[in-house]
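First up is the structure itself, then whatever we jot down about it.
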Amino acid sequence: MFRFILSLMGTLLAACLVQLFIPVLSVFWDTRVLLIAIVFLVSALALPTPGMLLMAFVSGLLWDMQRTILFPPYDGVVYPAATSSLPFGISIIFFGVLGFIVQGVQPLFRSGSWRVSLLAIATCLFLYQIIEIMTLSFVRGRFLLTEGVLIRISLTALITCLLTPLLFWLTSRLAEACNYQLLTQQNRRPARYH
Amino acid sequence: MRPLNLIALLVFLGATVWVFTLSEPIVRKVQQGFYTLIAPILKAGSSTEQFARAMTQEVTHSEDLAVLLERAEKERDLYKLTASRVRALEEEVADLRSALNFTQQAQFDLVPARVIRRNPLTWSSTVTIDSGKNKRITDDLPVVGGNGGLVGRVYNSVESLANVLLITDEASKVSAQVRGSPEKGIVTGQLTTYGQKPILRLLYLSNNAALTPGMTVSTDGRGKLFPPNIPIGKILSYSSGPEYGEAVIDPVVDFNQLTTIFAIPGSAD
């Protein structure tokens with residue numbers, strides 16, 4: 001299992017690098033492909049809880065290293081209200097919570113039912129962005145979830161989850177290479193994911 | 001819950017609390033290390049984004065041309081395509097001339113940089129530029145556009161690249177004044193979605209401010225973050241609230257077309 005976790009960690013780092021090459025899809029309501037999030041969610045499906053938590057920690061850290069914007073404190077006399085933003089490390093918690101949610105369908109995933117798993121991942125991608133924008137609304141004291149934002153969130157979840165079958169295939173290949181039993185023994189049927 | 005899972009959860013929570021307690025300088029160092037590592041990849045990635053943008057523009061352009069194709073012969077269309085490319089080049093030359101002219105006329109020492117990545121973050125308005133500390137672009141420097149309008153502020157600058165928080169971001173705050181009026185306030189951005197033109201909000205104005213659409217808003221130099229008299233935008237509307245008045249501003253910079261920006265070294269306090 002250790003080798004499998006390491007290989008998934010490698011995939012996560014590769015996803016972090018590939019993410020840099022993916023532009024904002026301006027023709028589709030400024031949607032984005034959340035590669036780090038989807039690699040984490042697929043890993044969460046394949047791994048037991050300790051492995052999932054380790055992946056959540058690394059994914060959250062990688063995401064927040066890019067996301068967090070830090071400035072020295074503003075002059076309090078000139079600027080009456082401090083700038084509120086999501087703190088460094090919050091994504092670790094978000095990923096952890098989503099990891100537990102997605103692990104709810106892990107028995108189905110392990111039995112080879114990929115459709116329900118795909119639906120769970122799409123839902124989690126949607127939830128992840130909703131949690132993020134709602135937390136941001138809370139800290140800024142302004143409701144930011146408008147219709148346009150909701151469309152963008154939905155399309156981002158939809159476009160990102162199109163990569164799920166590819167990642168399922170990649171995960172099953174990695175599991176095979178690492179001798180990790182991804183499917184439960186009684187459900188091991190060839191050519192389910194590949 | 002299995003004992004191993006419980007232990008893993010406790011370790012996870014402990015590690016997360018540790019991350020939350022990291023001081024800002026340490027987080028900044030971690031981020032700078034990360035950006036230094038990815039800088040070469042990021043620069044390579046920017047060419048992919050530029051290619052994708054060019055493709056998108058080409059697709060839109062082809063749609064326009066398809067209408068014309070129905071009316072004209074193939075040979076004539078070829079000339080039209082060539083002409084359109086020439087027009088694009090002319091616009092590019094005009095932009096560069098304007099930028100060059102601005103550099104020569106500006107009262108500040110300016111360092112030009114090219115935008116290599118737009119809006120990489122989901123809920124923030126930022127861009128990444130291809131110059132950093134190697135070109136004297138350090139954290140907190142103000143950034144202006146080719147027309148002299150305020151663009152934003154540098155953060156997370158490393159040796160060969162830097163990020164800029166645009167003034168259209170909700171987290172951005174700029175101390176500003178309305179020209180031809182005693183009114184001063186704080187300009188902040190607003191989250192926009194697809195198809196919306198970025199607009200700014202001027203907060204903390206007097207409740208009975210005599211402001212009319214078209215009045216110019218510029219930096220006032222308070223707080224020493226931004227030098228005074230950098231144009232920000234023009235007032236679109238003004239509304240008074242229970243405590244303060246608020247104005248909506250149309251920025252002078254076209255944030256959708258940012259290609260070259262200029263940092264003002266030596267201006268950060």
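We use all heavy atoms of the structure for the numbers below, so side chains are in, but hydrogens, waters and symmetry mates are not. Chain letters run A, B, ... following the sequence lines, proteins first and then strands; every chain starts at 1.
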Looking at chain B, which one of [options] has the largest number of heavy-atom pairs inside 4.5 Å, strictly under?
options                              : answer
A:Ile92, A:Leu62, A:Leu53            : A:Leu53
A:Gln129, A:Glu147, A:Arg142         : A:Arg142
A:Leu17, A:Ile93, A:Thr146, A:Ile133 : A:Ile133

From [X] [atom1] over to [Y] [atom2], what is the distance, rounded to the nearest 0.5 angstrom?
X        : Y        : atom1 : atom2 : value
A:Gln19  : B:Ile41  : CD    : CD1   : 13.5 Å
B:Asn163 : A:Ile69  : CG    : CD1   : 8.0 Å
A:Ile90  : B:Thr16  : CD1   : OG1   : 10.0 Å
B:Trp123 : A:Leu144 : CH2   : CG    : 9.0 Å
A:Cys16  : B:Leu37  : SG    : CG    : 10.5 Å
A:Phe100 : B:Leu9   : CZ    : CG    : 5.0 Å

Between [X] and [Y], which heavy-atom pair has the shortest distance, and what is it?
X        : Y        : answer
B:Gln31  : A:Met65  : NE2-O, 3.1 Å
B:Arg118 : A:Val24  : O-CG2, 3.8 Å
B:Tyr35  : A:Gln66  : OH-O, 3.4 Å
B:Tyr155 : A:Thr68  : CE1-O, 4.5 Å
A:Leu20  : B:Arg117 : CD2-NH1, 3.7 Å
A:Pro87  : B:Phe20  : CG-CE2, 3.8 Å

Among B:Leu6, B:Asn5, B:Ile7, find the residue that satisfies the side chain to side chain contact (heavy atoms under 4.5 Å, CB included) test when tested with A:Pro50.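 Passing option: B:Asn5.
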Counting C-beta onward and ignoring hydrogens, is there a side-chain heavy-atom pair between [X] and [Y] closer than 4.5 Å?
X        : Y        : answer
A:Leu70  : B:Asn156 : no
A:Tyr128 : B:Thr122 : no
A:Phe57  : B:Val19  : yes

Mind running side-chain contact (heavy atoms from CB on, under 4.5 Å) on A:Leu54 and B:Phe12 for me, showing each step along the way? CA-CA 7 Å; A:Leu54 179 67; B:Phe12 172 77; over 6 Å; no
Chain B contact via [X] - which portion, at a heavy-atom distance below 4.5 Å:
X        : value
A:Leu61  : side chain
A:Leu150 : neither
A:Leu136 : side chain

Could you look at B:Val154 and say if it's the side chain, the backbone, both or neither that has a heavy atom under 4.5 Å from chain A?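 When you check distances to chain A, only backbone atoms of B:Val154 fall under 4.5 Å.
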Those residues that, when tested against A:Gln103, pass side-chain hydrogen bond (donor to acceptor under 3.5 Å, both in side chains) (two or more places apart):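 side-chain hydrogen bond (donor to acceptor under 3.5 Å, both in side chains) list for A:Gln103, sorted by chain: A:Thr49.
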Which pairs, with at least one residue in residues 53-66 of chain A and sequence neighbours excluded, count as a salt bridge (charged side-chain N to carboxylate O under 4.0 Å, His left out)?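 Passing the test, one end in residues 53-66 of chain A: A:Asp64-A:Arg67.
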Below 4.5 Å, heavy-atom pairs only: which of B:Leu121, B:Val30, B:Thr128, B:Leu22 has the largest tally toward chain A?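 Ranked by heavy-atom pairs under 4.5 Å with chain A, first place is B:Leu121.
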Neighbour count >12 (heavy atoms, 6.0 Å) for atom NZ, B:Lys29: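 Atom NZ in B:Lys29 is not crowded, with 12 or fewer foreign heavy atoms closer than 6.0 Å.
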